[in-house]
Amino acid sequence: METAVAWLNLSETDSLLIEIFEDFDVESDSGGIEQTQVKHSASDRTLTLASKDSRDALESFWATSREGEVADVSLVVHTNMKIGTESAANLPGGVTGIAYWHAVNAGADAAPLKDLLLTTQQSGKLRSWLESNPDEDALRSRLIARVRWRTSQPSGAAQNALLAELITGRLTALELPVGLASRVSAQIIERVFAVASETDPALRRLRGGWPDAEDQRGRGENHQGSV
């Protein structure tokens, strides 16, 4: 569902890559890649930097960005989980690790976050790099500024409602009947699953813009003519 929403929000110059690097990735016309890892939970568990989901996401980003050297690769961790409290963390103001990550991107001292990551990243190439004591500029430019945490995001019924709202807005803009929304929603989800199922990674790609706009316009005209 999140992939379908991402497709509808895509600009006409961007492409959506499905199950290539992460769950989906947005490729800009200049070749930049924003990877998105979706982590939804049906329970009330929270997300911390020490969570396995977080550790794996950071290590994966570190690999695909070639240890932060590829400047136009970034990561979004998208989850319905709320931010949890790090165990035995000693961050300024007693804030959570993810909240302090946001604070560092807003200008706070990066050193406490690096110390926490040395505790949470138990092994791997990212930890090895952190142990090499990179300077603050490198820490920010190669890692911290390149990762965004989207927590407490809608899921389930709320996500379905968001998709319906996006589709209704597009139909209205095209002066098409909003009664087509449920049919269009099913077609979009079917298309996303079909593309995601392609065995050739080169085919797991969707272009931005309203999906099959002319086809939907034709369907709308047929619908109006049948009333």
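Computed from a predicted model, the values in this text were never measured in an experiment.
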Q: Test of understanding: clusters of I, L, V, M, F, W, Y form through side-chain heavy atoms closer than 4.5 Å, transitively. Do Leu8 and Ile18 belong to the same one?
A: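 Shared cluster, yes.
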Q: Is there side-chain contact between Leu49 and Trp149, with at least one heavy-atom pair below 4.5 Å?
A: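 The answer is yes; the side chains approach within 4.5 Å.
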Q: Is there side-chain contact between Trp129 and Leu139, with heavy atoms separated by less than 4.5 Å?
A: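 The answer is yes, as the side chains (C-beta and beyond) meet within the 4.5 Å cut-off.
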Q: Taking Thr120 for its side chain and Ala50 for its backbone only, find out whether a donor-acceptor pair lies under 3.5 Å.
A: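 No; zero donor-acceptor contacts below 3.5 Å.
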Q: A side-chain contact here means heavy atoms from C-beta on lying under 4.5 Å apart; do Thr46 and Ile83 qualify?
A: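 Side chain of Thr46 against side chain of Ile83, heavy atoms only: no contact under 4.5 Å found.
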Q: How close do Arg191 and Trp7 get, heavy atom to heavy atom, and via which atoms?
A: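 Distance-wise, the nearest heavy atoms are CG-CH2, 3.6 Å.
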Q: State whether the side chain of Arg204 and the backbone N or O of Glu198 hold a donor-acceptor pair below 3.5 Å, judged by distance alone.
A: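 Indeed, once roles are kept as given, a pair shorter than 3.5 Å links the two residues.
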Q: What pairs of residues pass the side chain to side chain donor-acceptor pair (under 3.5 Å) test when at least one of them lies in residues 23-37, not counting sequence neighbours?
A: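 Sorted result for residues 23-37: Glu22-Gln37, Glu27-Arg205, Ser28-Ser30, Glu34-Arg148, Gln35-Thr64.
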Q: With a 4.5 Å limit on heavy-atom distance, are the side chains of Asn80 and Ser41 in contact?
A: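 With C-beta onward as the side chain, the pair touches.
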Q: Any side-chain heavy atom of Trp101 within less than 4.5 Å of one from Leu143?
A: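 In contact.
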Q: With a 4.5 Å limit on heavy-atom distance, are the side chains of Val195 and Leu203 in contact?
A: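 When only atoms from C-beta onward are counted, Leu203 and Val195 do not touch, as no gap falls below 4.5 Å.
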Q: Could you give all pairs that pass the salt bridge (charged side-chain N to carboxylate O under 4.0 Å, His left out) test and reach residues 101-129, with sequence neighbours left out?
A: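 For residues 101-129, and leaving out neighbouring residues, the salt bridge (charged side-chain N to carboxylate O under 4.0 Å, His left out) pairs sorted by first residue read Arg127-Glu131.
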Q: In sequence, state the C-alpha distance, the side-chain angles, and the governing distance for Ser15 and Arg207, and then conclude on side chain to side chain donor-acceptor pair (under 3.5 Å).
A: CA-CA 5 Å; Ser15 296; Arg207 291 292 296 172; 2.8 Å; yes
Q: Are any non-hydrogen side-chain atoms of Leu58 and Gln121 less than 4.5 angstrom apart?
A: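 Result yes, sub-4.5 Å side-chain heavy-atom pair found.
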Q: Checking the side chain of Asn105 only, and the main-chain atoms of Ile144 only, is there a donor and an acceptor separated by less than 3.5 Å?
A: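 Checking the backbone N and O of Ile144 against the side chain of Asn105, a donor-acceptor pair under 3.5 Å is found.
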Q: For atom CG of Asp135, decide whether the heavy atoms of other residues, nucleotides or ligands shown that lie under 6.0 angstrom number more than 12.
A: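 Check passes, neighbour count above 12.
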Q: Could you walk me through whether Ser51 and Thr48 pass side chain to side chain donor-acceptor pair (under 3.5 Å), step by step?
A: CA-CA 5 Å; Ser51 300; Thr48 70; 3.2 Å; yes
Q: With sequence neighbours left out, write down each residue that passes salt bridge (charged side-chain N to carboxylate O under 4.0 Å, His left out) with Glu190, or none if nothing qualifies.
A: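 Per chain and number, Glu190 pairs via salt bridge (charged side-chain N to carboxylate O under 4.0 Å, His left out) with no residue.
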Q: Determine whether Leu10 and Val73 fall in the same hydrophobic cluster, where Ile, Leu, Val, Met, Phe, Trp and Tyr are linked whenever their side-chain heavy atoms lie under 4.5 Å apart.
A: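 They do not share one cluster, since no chain of ILVMFWY contacts under 4.5 Å joins Leu10 to Val73.
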Q: If you define the side chain from C-beta out and look only at heavy atoms, does anything of Asp44 sit under 4.5 Å from Met81?
A: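 No; the side chains remain at least 4.5 Å from each other.
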Q: Within a radius of less than 6.0 Å around CD of Glu165, do more than 12 heavy atoms belonging to other residues, nucleotides or ligands occur?
A: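 No - once you tally the heavy atoms of other residues, nucleotides and ligands closer than 6.0 Å, there are 12 at most.
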Q: Can Ile188 be reached from Val38 by stepping across I, L, V, M, F, W or Y side chains whose heavy atoms are under 4.5 Å apart?
A: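 Yes.
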